[in-house]
Peer 1: 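Please see the structure below; I have some questions.
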Amino acid sequence: MNVTLAVKQYISKMIENSGPGMKVLLMDKETTSIVSVVYTQSEILQKEVYLFERIDSQNRDNMKHLKAICFLRPTKENVENLIQELRRPKYSVYFIYFSNVISKSEIKALAEADEQEVVAEVQQIITKEYELFDFRKTEVPPLLLILDRSDDAITPLLNQWTYQAMVHELLGLNNNRIDLSRVPGISKDLKEVVLSAENDEFYANNLYLNFGEIGTNIKNLMEDFQKKKPKEQQKLESISDMKAFVDNYPQFKKMSGTVSKHVTVVGELSRLVSERQLMEVSELEQELACQNDHSSASQNVRRLLQNPRVSEMDAVRLVMLYALRYERHSSSILPGLMEELNRKGVSEKHCRMVTSMVEYGGKRVRGSDLVNPQDAVAITKQFFKGLKGVENVYTQHAPLLQETLDQLIKGRLKDSHFPYLGPSSLRDR
């Protein structure tokens, strides 16, 4: 399901239930973040929501011409703030929506505080949306596959090369916002940018493309922008020229913002990739995850650990991958690599993470053999994959989940790894 769309529909329903008229959206810290992810300010303004306030703000004015839509978590603090609000209401009427279950005693306290009878409605969203968790009715009953993250501890340790994944990994994305304030020479307007597939066509079209393709598409975007730019800067010599400029200006301005934003983001990604030697780091990660040459892996890991441009966390992840891949190898150099981390100045906390990772996802714990296929079919597949080669050395690795789902579809999951409970007809379908 599309969680963003589901939340958007919930909020739309809250607003619609309050009827026509000017409204204020009263939220807490968390619900403010939720709303900001699914709605732009211009979108929600179209629904007659003209003001956005925090329930814990002490400096709100009385505005009796506004209806209040309260979207809050049922925390003790929020309930207490709402009680104080109802005792001295600042708005004409209140529609109260809690994001989860609220106790009967708290509902009673709210009712007692509503002496002026301004509350029109109180709802708990989760109790009204119980059907959200019902499976769609289908001819064949659904099958639930339960997985354990420790079965594949390798995949989360690898650098990713698609646009969305790189933004998350290298820049950080919080509520669709990227903090670029520490980027060298950044302009004031670009210190924080919004990346939302809902409202950014370029981002939506390039989410899952690799970094090389993004560079090409950024270039094409800039070329399109440059073609349109001179037309918009022509002299306005007639009324029709002015009218054409006014008609096209919003689109031009939006395109200008899109170009500036993505050029800045991709430029910063490129700088970090170069600064942290991530191409070389990623190539070695893929070698550790997919190849079986201990001698080469040992030399390359040690060499990169001694490279001052490789960051502390990248170094730790390389040693984690080595530890998982060659956990019981007779010639393991793991103690020597741990010494290299110490010489690099890696904190004791991060060094301990190597041991913790092996304890969490090592051979003793894994339900499947993640890196050493034993059956003849798997060995043959790996052999031919090696002969064929791969188009991109940075994306050789395929997560265990891909193979698990393939085996599930073909009805070949092993009982020893995935015990089955249910009608045999469903299993054999």
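Below, all heavy atoms of this structure are taken into account, side chains as well, without hydrogens, waters or symmetry copies.
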Peer 1: Are Glu280 and Arg309 close enough for a salt bridge, meaning some N to O gap below 4.0 Å?
Peer 2: no

Peer 1: Could you walk me through whether Val37 and Val7 pass side chain to side chain contact (heavy atoms under 4.5 Å, CB included), step by step?
Peer 2: CA-CA 9 Å; Val37 166; Val7 173; over 6 Å; no

Peer 1: When rounded to the nearest 0.5 angstrom, what distance separates CD in Glu85 from CG in Leu110?
Peer 2: 11.5 Å

Peer 1: Got Leu45 and Tyr50 here, is their nearest side-chain heavy-atom distance under 4.5 Å?
Peer 2: yes

Peer 1: How close do Ala165 and Gln160 get, counting heavy atoms only, and between which atoms?
Peer 2: CB-CB, 3.5 Å

Peer 1: Is the shortest side-chain heavy-atom distance between Leu341 and Val354 below 4.5 Å?
Peer 2: yes

Peer 1: Which pair of non-hydrogen atoms, one from His397 and one from Ala289, has the smallest distance, and what is that distance?
Peer 2: CD2-CB, 3.8 Å

Peer 1: Testing the basics here: between Ala120 and Val93, what is the closest heavy-atom pair and its distance to 0.1 Å?
Peer 2: CB-CG2, 3.6 Å

Peer 1: Carefully, step by step, assess Asp314 and Gln277 under the rule side chain to side chain contact (heavy atoms under 4.5 Å, CB included).
Peer 2: CA-CA 10 Å; Asp314 288 328; Gln277 304 273 279; over 6 Å; no

Peer 1: More than 12 foreign heavy atoms under 6.0 Å from CD of Glu30: is that the case here?
Peer 2: yes

Peer 1: Are the side chains of Met279 and Phe211 in touch, meaning some heavy atoms are under 4.5 Å apart?
Peer 2: no

Peer 1: Out of the candidates Val79, Asn78, Leu72, only one should pair with Thr75 under the side-chain contact (heavy atoms from CB on, under 4.5 Å) rule; please name it.
Peer 2: Asn78

Peer 1: Rounded to the nearest 0.5 Å, what's the gap from CD1 on Ile186 to CD on Glu192? Could you check?
Peer 2: 11.5 Å

Peer 1: Atom CD of residue position Glu117 - does it have more than 12 heavy atoms of other residues, nucleotides or ligands inside 6.0 Å?
Peer 2: no

Peer 1: Please assess Ser12 against Tyr39 for the test side-chain hydrogen bond (donor to acceptor under 3.5 Å, both in side chains), listing each intermediate value before the final yes or no.
Peer 2: CA-CA 10 Å; Ser12 295; Tyr39 265 115; 2.4 Å; yes

Peer 1: Is any side-chain heavy atom of Leu321 less than 4.5 Å from a side-chain heavy atom of Val301?
Peer 2: no

Peer 1: Do Phe418 and Thr404 make a side-chain contact, defined as non-hydrogen atoms from C-beta onward lying under 4.5 Å apart?
Peer 2: yes

Peer 1: Using the side chain to side chain contact (heavy atoms under 4.5 Å, CB included) rule, take Leu334 and Tyr326 through it: C-alpha gap first, then chi angles, then the decisive distance, then the call.
Peer 2: CA-CA 9 Å; Leu334 184 58; Tyr326 297 107; over 6 Å; no

Peer 1: Determine, for Glu169 against Arg317, whether the closest basic-nitrogen to carboxylate-oxygen distance falls under 4.0 angstrom.
Peer 2: yes

Peer 1: Verify the neighbour count for atom CZ of Arg182: are there more than 12 heavy atoms of other residues, nucleotides or ligands below 6.0 Å?
Peer 2: no

Peer 1: Kindly give the heavy-atom pair with the smallest separation between Met313 and Met353, and that separation in Å.
Peer 2: CE-CE, 4.1 Å

Peer 1: Go through the steps to decide whether His262 and Asn217 satisfy the test side-chain hydrogen bond (donor to acceptor under 3.5 Å, both in side chains), and finish with yes or no.
Peer 2: CA-CA 10 Å; His262 288 288; Asn217 291 345; over 6 Å; no

Peer 1: Check for a donor-acceptor pair, side chain of Gln116 on one end and backbone N or O of Pro89 on the other, with a separation under 3.5 Å.
Peer 2: no

Peer 1: Could you tell me whether the side chain of Asp152 and the main chain of Pro399 form a donor-acceptor pair under 3.5 Å?
Peer 2: no

Peer 1: Atom CG in Asn62, atom CZ in Arg88: separation rounded to 0.5 Å?
Peer 2: 10.5 Å

Peer 1: Distance-only, no hydrogens or angles: does the Ser270 side chain make a donor-acceptor pair with backbone N or O of Val266 under 3.5 Å?
Peer 2: no

Peer 1: Indicate yes or no: does Arg343 engage Glu340 in a salt bridge with an N to O separation below 4.0 Å.
Peer 2: yes

Peer 1: Report yes or no: does Asp114 contribute a side-chain atom to a donor-acceptor pair with the main-chain N or O of Val119 at less than 3.5 Å?
Peer 2: yes

Peer 1: Roughly how far apart are Met320 CE and Glu285 CD, rounded to 0.5 Å?
Peer 2: 11.5 Å

Peer 1: Closest heavy-atom contact between Met27 and Val35?
Peer 2: SD-CG2, 3.7 Å

Peer 1: Check for a donor-acceptor pair, side chain of Ser274 on one end and backbone N or O of Arg271 on the other, with a separation under 3.5 Å.
Peer 2: no

Peer 1: Please check if atom CZ in Arg328 has more than 12 non-hydrogen atoms from other residues, nucleotides or ligands closer than 6.0 Å.
Peer 2: yes

Peer 1: Using the side-chain hydrogen bond (donor to acceptor under 3.5 Å, both in side chains) rule, take Asp148 and Ser150 through it: C-alpha gap first, then chi angles, then the decisive distance, then the call.
Peer 2: CA-CA 5 Å; Asp148 190 330; Ser150 63; 2.9 Å; yes

Peer 1: Nearest heavy-atom pair of Leu337 and Tyr322: which atoms, and what distance?
Peer 2: CD1-CD2, 3.6 Å

Peer 1: Taking Thr31 for its side chain and Asp28 for its backbone only, find out whether a donor-acceptor pair lies under 3.5 Å.
Peer 2: yes

Peer 1: Just by modelled atom types, is the Asn210 backbone N or O under 3.5 Å from a matching donor or acceptor in the Thr162 side chain?
Peer 2: no

Peer 1: Answer whether the closest heavy-atom distance between the side chains of Thr264 and Val193 falls below 4.5 Å.
Peer 2: no

Peer 1: Rounded to the nearest 0.5 Å, what separation is found between the CG atom of Asn17 and the CD1 atom of Ile69?
Peer 2: 9.0 Å

Peer 1: Kindly say whether Glu283 contributes a backbone atom to a donor-acceptor pair with the side chain of Gln286 at under 3.5 angstrom?
Peer 2: no

Peer 1: Hey, does the side chain of Lys344 reach the backbone of Ala315 with a donor-acceptor pair shorter than 3.5 angstrom?
Peer 2: no

Peer 1: Hey, what do you get for SG (Cys70) to CE (Met14), rounding to the nearest 0.5 Å?
Peer 2: 10.5 Å

Peer 1: So, do Leu207 and Tyr163 sit near enough that their side-chain heavy atoms are less than 4.5 Å apart?
Peer 2: no

Peer 1: Could you tell me whether Lys64 atom NZ has more than 12 heavy atoms of other residues or ligands within 6.0 Å of it?
Peer 2: yes

Peer 1: Hey, are the side chains of Val194 and Tyr203 touching, using non-hydrogen atoms and a 4.5 Å cut-off?
Peer 2: no

Peer 1: Before you tell me yes or no, could you show the steps for Ile218 and Phe202 under side chain to side chain contact (heavy atoms under 4.5 Å, CB included), namely the whole-Å CA-CA distance, both residues' side-chain angles and the distance that decides it to 0.1 Å?
Peer 2: CA-CA 9 Å; Ile218 281 283; Phe202 181 86; 3.7 Å; yes

Peer 1: Less than 3.5 Å apart, any donor N or O on the side chain of Gln407 or Glu403 sitting next to an acceptor on the other?
Peer 2: no

Peer 1: Sub-3.5 Å donor-acceptor pair from the side chain of Lys23 to the main-chain atoms of Ser18, do we have one?
Peer 2: no

